[in-house]
Amino acid sequence: MEYDFRKIEQEWQEKWRQNKAYKVLNESARPKYYVLDMFPYPSGTGLHVGHPLGYIASDIYSRYKRLKGFNVLHPMGYDSFGLPAEQYALETGQHPAVTTEKNIATFRRQLDKIGFSYDWDREVRTSNPGFYKWTQWIFLQIFDSWYNRITDKAERIAELLKIFEAAGNVDHVCPGDKTLQFSAGEWNAFDERRHQEILMDYRLTYSSYGEVNWCEALGTVLANDEVVNGVSERGGYPVEKKKMRQWYLRITDYADRLLEGLEHIDFSDAMKEMQKNWIGKSQGAEMDFAIKDHDQPLKVYTTRPDTIFGVNFMVVAPEHELVDQVTTDDQKEEIEKYLTYVKSRSERERLAEVKQITGCFTGAYAIHPFDGREIPIWIAEYVLAGYGTGAIMAVPCGDQRDFLFAKHFNIPITNIIGDHFNGEEANPTKEAILQNSGFLNGLLMKVAIGVAVDKIEELGIGRRKVNYRMRDAGFSRQRYWGEPFPIVWSNGIAIPLDAEELPLELPHVDKYGPGPNGEGPLANIVDWVYLTPNPSPRERGTLPHGDEERTDHLSVASKKDGEPGYFNSSVEEWKNTLSFAKENRKNLTEAGDTIWQEIRNRKIDGSKFRRQHPIAGYIPDFVCLEKKLIIEIDGEYHTEEEQKKFDAARQNWLAENGFGMIRFTNEEVKVNLKKVLNKISQTLKENTAAINETTNKANEKSHPLAGSGSPLLWRGVGGEVKRETSTMPGYAGSSWYFLRYMDPHNDRLFCDRKASDYWGQVDLYIGGTEHAVGHLLYSRLWTKILFDLGYIGHDEPYKKLVNQGMIQGSSRFVFRVGLTIYSEPGIVSTPLIFVSKSISDKIKLGDEFSIEKVKIFAIKSIEETYRNNKGTSITAVSILEFHVDVNFVDGVELNINAFRKWREEYNDAEFILEDDGKYICGVETEKMSKSKYNTVNPNELVEKYGADTFRMYEMFLGPVEQSKPWDTKGIEGVHRFLRKLWRLFYDDQKGKVWTDDKATDAELKVLHRTIKKIDEDTERFSFNTAVSTFMICVNELADLKCHKKEILEPLLFLLSPYAPHISAELCSLLGSKVSPIGEDAEGPVYPVFNAALLVESSKEYPVSINGKVRTNINMALDITQADVEQIILQNDIVQKWLDGKEPKRIVYVKNKMVNVVI
RNA sequence: GCGGCGAUGGCGAAAUUGGUAGACGCACUACUUUGAGGUGGUAGCGCCUGUCAUGGGCGUGGGAGUUCGAAUCUCCUUUGCCGCACCA
């Protein structure tokens, strides 16, 4: 019986799927364990061998934990919102939802082949409304929160309101505007708009104008971590600074807690270091320098207040607000010139020319607070507006940049550190004794820092200050394929949707181009954006479609109801309606006029009524848009039966959209105006409840206007109401997805507290380093906020993080000959010639002989093509390198035939080979990528060797955390091992060879050594050594000719996490009572190590002379020092090395070794 | 410039606490199974040197140090990768 891995793997995968072997429940008597992979972005290129590395590692660990008796949560999903799908849509017109769906299917097919133990019932996709409903919901919770510095946690905005009403903001500095101060009285006197503006400056997600990273090519803003060296991380497009309204996460409020939290989690040093760097906390002082002939001081930030007497000049950022004010008339021109120059330079140029020294003197002087010196104020690019105060005190003897600047502009340098400064370069030491430093003279700099700040604070010219490099994270993108913000704007105030109105679904678009004014594609969908009933074309902004093809909900409704006259179906019709309405206003009835006089100018309840204002294509007598109330005065026209029918249909439609209507007859108005007005006032008050009801009804029916926001909240705001048209960034969904896995189908909450309390933190998180400061930081932030708000019980999402290394591709190159041809009679085409590695090397080195050889070869080829062409000569030969698909290369030898077929133009290519007739390719290790033709498809390997082999080989390559080049060749060794294992059970010739015989001590020793090692290795993620251990074990059992079930069955349980299919098959053939997959286990089924079996009574002690091992001597393990000495000295080899001398010392370490020192 | 991580045979690597450096696998060599290829099996395989044979010297990027003993600890240095970067 052969090891037919294809059949075995297919059958078992099918079986596990059918009996839901990997289903995980939220309640269990067993302890929980949560193993998580970073879910993939489903890209169009599918998986290469680098992707599954982490998945295999986590799968092995999950299976291992399961066998050890844990209830293991091991889910998988897709981060399916994102830029690439949308870029693809822009290029091809295919809807991102469609391509994403397709890509996911491909991913799933590939993943399934590898035999993972995911519970697919818990799958999440960030682009599913069922998922992003909760992303939006969490966003709203964050929106409704602020950071209380006193309790040091996020709290609800309602709490903040209470504080403001009672005490103003004296205890709570406004993070958005630190200068803002108001008392309770002032607060209470502010109007609603001012309230909302101030609250926005406190919210943890907020919208504000700010400098953003704008990427023109991508048509969107990017977060700081998405910009690398001045270009976009994706695509490498230029990024510029631009002022725009954006949403932000106030992550800076959490800087300290994010920093502090790192102490309690198990991340690699590198990872922690990266996060620390990103947060960039620095301790220093902020201090004011008076400016000569000027009221306002210059505020600077420094981490080295001890160097205060070494200041020789001040530098402020070119963008600094004081520049304008302090520049003297003499310098105005120079400064203008410099500012123009700075503005002309893109971010990229600035970064590229970091070492260039530029700057300009403003003509102004600051006054040194201690010695009264006048210090010139300069502006220079090297000071950034965004950090600290945007101004520095320059100490050239201690700071290299200041030093270079001083040298460049011939500014004198004060030395305050004596011999530590050599005049050649700055010395940033803290160990020097200060000189020329007034009251700090004679102090060690380290000590002087504190002394200086104390003095500064005492004089009231500055204070201790902590600064962070981290900025608030941009949270909006001018893009389509992301979560829509559950926010509507009304007269500049952001109003959150009600929870019941979520999810706010992403509307369908046909075009993905940007909207007007730098807005995203959603801005093009007028009907979706504008919630003001029946907005005018002016309100709508631009018109996306041609007039004739405009088919919005209004016209749809009109067609449905068969009311051609009442609803607009085109702009033309709308205009008609409008002019009709205008006409109507001139011809008010008597009753109408009576009412109008009573309700105009917000006379009733402050509600704004309009008369004859077109709405939903019809023109009611009066309408209050804020409260969605219509008043009709029943004229004669409407008494006709036919018109009554229309009225009913219309009223029905209006009701569905949240409009209430009250009607009066002309008589009523004339006879009892007071009663009529009372009724209006009454209805305005009551209407809110009715409106909510109708809105919900509309939602259920998924009317085009469904989810149009809560009218209740618009009260008192009025005016144009439109949706936020940005979408959330890629990291929104991934900031909390690990919580959704715990309770994936919950439609009442993002995750039940019971579920999150049960599963708690992710015990093991495996993924790449590329998310160090993006996803990992943001998800830590969201977790902390959700914790503060009481939705979950832990404030760090991941207990332990393991970063898998990158698998690099091993690229292969071919060397094409580049020829410069001189041709007498006319043009000849260049022959396509490829030379093998050694020849190309020689040509590159300028080896005359090889160049001549190639020339002759080329001439011959040309002459053969152009028979009589004798006038051709070759003047120069060069070498061009091209990536060649690694699949055409066996090791380094090119398969010439396959290569010829690769591209049409290669069909007739000629090859100059090595002496042994082979074409040898160039080799280089680089990132695995389709464009480099060095990707290896895991499915081809699974097809050829099986999933078990593939899994083990990926692990065998080396430590999971290390980057390493892929080499397909080695997979044979692992495959050999699995076949060797199989032969312990079944032999090709003899068939079944396994027996029920009793195991010997030697065999048990082999088994238990293996159990111990595998257990330890798996526990510490040393999967490569575990695979070796399996190999050693099988080699030893084969040597012992051991075919005993007693030994082999436990071995299969050990192996099962690594190679589940073969283990399951062999266990089944052995007739095992328990599955090695662990699906039916109530408790641990993992083999238990029995130390007693490994106890030895003696050991081959290595004996070294002066540290070099010379022989081995077998001695009892518990032998004493005295006995050792006696035995050792009798040994021939030791005698030989002693050469008659007495040993100085004999070191004996029990269970280790013996060392004789001569 | 700052920070982090590494450097061990032809290659991927192992050495968990300072205790026999190179386990395991690939590649390679020889033999064997087979008609042949593949497969399977046996043996060899760090470098240098040497023999009838036991052997000897060197060796974990380089240099110094601590130690009876260092791939492992300390200092210096070279170099590679990764991250941050006019961050005051």
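Quick caveat, the model's predicted, so the values are computed rather than measured. In what follows, chains are A, B, ... by sequence order, proteins preceding strands, each numbered from 1.
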Which whole-number value in Å describes the distance from [X] [atom1] to [N] [atom2]?
X: I1146(A); N: rG19(B); atom1: CD1; atom2: C1'; answer: 17 Å
X: Y1101(A); N: rU20(B); atom1: OH; atom2: P; answer: 13 Å
X: K980(A); N: rC24(B); atom1: NZ; atom2: P; answer: 11 Å
X: I1032(A); N: rA13(B); atom1: CD1; atom2: C1'; answer: 13 Å
X: N277(A); N: rG83(B); atom1: CG; atom2: P; answer: 12 Å
X: Q283(A); N: rA88(B); atom1: CD; atom2: P; answer: 12 Å
X: I449(A); N: rA88(B); atom1: CD1; atom2: C1'; answer: 13 Å
X: Y1148(A); N: rG69(B); atom1: OH; atom2: P; answer: 20 Å

key: 4.5 Å side-chain heavy-atom contact, M470(A) and I251(A)   =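 Yes, close enough: below the 4.5 Å cut-off.
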query = Is the shortest heavy-atom distance from the side chain of F956(A) to the side chain of I971(A) under 4.5 Å?
reply =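 They are not in contact (no side-chain heavy atoms under 4.5 Å apart), so the answer is no.
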Will you find, in the side chains of [X] and [Y], an N or O donor that is under 3.5 Å from an N or O acceptor?
X: Y1058(A); Y: T1018(A); result: yes
X: N803(A); Y: T769(A); result: no
X: S1028(A); Y: T1025(A); result: no
X: K1136(A); Y: N1131(A); result: no

Distance check: side-chain N/O of [X] vs OP1/OP2 of [N], anything under 4.0 Å?
X: R401(A); N: rA85(B); value: no
X: R983(A); N: rG40(B); value: no
X: Y387(A); N: rA88(B); value: yes
X: N1112(A); N: rU20(B); value: no

Under 4.0 angstrom, heavy atoms only, what part of the nucleic acid is [X] near: base, sugar-phosphate, or nothing?
X: R1020(A); result: base
X: Q962(A); result: sugar-phosphate
X: D399(A); result: nothing
X: N467(A); result: nothing
X: K1013(A); result: base
X: D402(A); result: nothing
X: M274(A); result: sugar-phosphate
X: V1109(A); result: sugar-phosphate

task = Pull out every residue in residues 951-960 of chain A that has a heavy atom closer than 4.0 Å to any atom of RNA chain B, ordered by number, or say none.
result =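 Nucleic-acid contacts, sorted: F956(A), L957(A), P959(A).
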[N] versus [M] - spacing of their [atom1] atoms, nearest Å:
N: rC76(B); M: rA43(B); atom1: C1'; answer: 46 Å
N: rU33(B); M: rG57(B); atom1: P; answer: 42 Å
N: rG63(B); M: rG18(B); atom1: P; answer: 24 Å
N: rG6(B); M: rU16(B); atom1: P; answer: 14 Å
N: rG40(B); M: rU17(B); atom1: C1'; answer: 42 Å
N: rG59(B); M: rC47(B); atom1: P; answer: 16 Å
N: rU79(B); M: rG61(B); atom1: C1'; answer: 7 Å
N: rG9(B); M: rA71(B); atom1: C1'; answer: 14 Å

When rounded to the nearest 0.5 angstrom, what is the spacing between [atom1] in [X] and [atom2] in [Y]?
X: F405(A); Y: I411(A); atom1: CZ; atom2: CD1; result: 5.5 Å
X: W378(A); Y: C360(A); atom1: CH2; atom2: SG; result: 7.0 Å
X: M314(A); Y: M393(A); atom1: CE; atom2: CE; result: 8.0 Å

When the aromatic ring centroids of [X] and [Y] are compared, is their separation below 6.0 Å?
X: W278(A); Y: Y468(A); value: no
X: Y61(A); Y: F1021(A); value: yes
X: F309(A); Y: H368(A); value: yes

ask   = Taking O4'-C1'-N9-C4 for purines and O4'-C1'-N1-C2 for pyrimidines, is rG9(B) syn (within 90° of 0) or anti?
value =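 What rG9(B) shows is a syn base, its glycosidic angle lying within 90° of 0.
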remark   = Dot-bracket assigned to RNA chain B with the 3.5 Å Watson-Crick/G-U criterion, [ ] for crossing and | for other-strand pairs, is (((((((..(((......[....))).(((((.......))))).((((.....))))..(((((..]....))))))))))))....
I want to verify a distance call: between [options], whose nearest atom is closest to the [X] side chain?
X: A270(A); options: rG12(B), rC68(B), rG4(B); answer: rG4(B)
X: R979(A); options: rG25(B), rG40(B), rG19(B); answer: rG40(B)
X: N1155(A); options: rC24(B), rC86(B), rG69(B); answer: rG69(B)
X: K969(A); options: rC86(B), rA27(B), rG3(B); answer: rA27(B)

query = If you find the nucleotide of RNA chain B closest to K1108(A) and the one closest to T303(A), which residue's nucleotide is nearer the 5' end?
reply =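 Looking at the nearest nucleotide for each, K1108(A) comes out on the 5' side.
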ask   = Relative to the 5' end of RNA chain B, which residue comes earlier, G970(A) or A391(A), by the nucleotide with the nearest heavy atom?
value =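 The residue closer to the strand's 5' end, by nearest nucleotide, is G970(A).
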Using atom names, set out every protein N or O paired with an N or O of nucleotides 62-67 of chain B below 3.5 Å, distance rounded to 0.1 Å.
none

request  = Could you tell me whether R1110(A) sits above the aromatic face of W1137(A), with NZ or CZ closer than 6.0 angstrom to the six-membered ring centre and within 45 degrees of the axis?
outcome  =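 Yes, R1110(A) and W1137(A) form such a contact.
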task = Verify side chain to side chain donor-acceptor pair (under 3.5 Å) between E1019(A) and Y64(A), making sure each step is shown before the conclusion.
result = CA-CA 9 Å; E1019(A) 198 60 73; Y64(A) 163 78; 3.0 Å; yes
request  = For a side chain to side chain donor-acceptor pair (under 3.5 Å) with T949(A), tell me which candidate from R976(A), E954(A), H975(A) qualifies.
outcome  =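 Filter result, single survivor: H975(A).
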key: F977(A): partners by ring pair (Phe, Tyr, Trp, His ring centres under 6.0 Å), with sequence neighbours left out   =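 Once residues adjacent in sequence are excluded, F977(A) has no partner under the ring pair (Phe, Tyr, Trp, His ring centres under 6.0 Å) criterion.
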Listed pairs, N/O of protein and of nucleotides 51-55 of chain B, under 3.5 Å:
none

inquiry  = Keeping D1017(A) on the side-chain end and F1023(A) on the backbone end, is there a donor-acceptor pair under 3.5 Å?
reply    =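 Not a single qualifying donor-acceptor pair exists.
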key: Residue list, side chain to side chain contact (heavy atoms under 4.5 Å, CB included) with E425(A), at least two apart or on another chain   =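 Result, side chain to side chain contact (heavy atoms under 4.5 Å, CB included) vs E425(A): Q400(A), N422(A).
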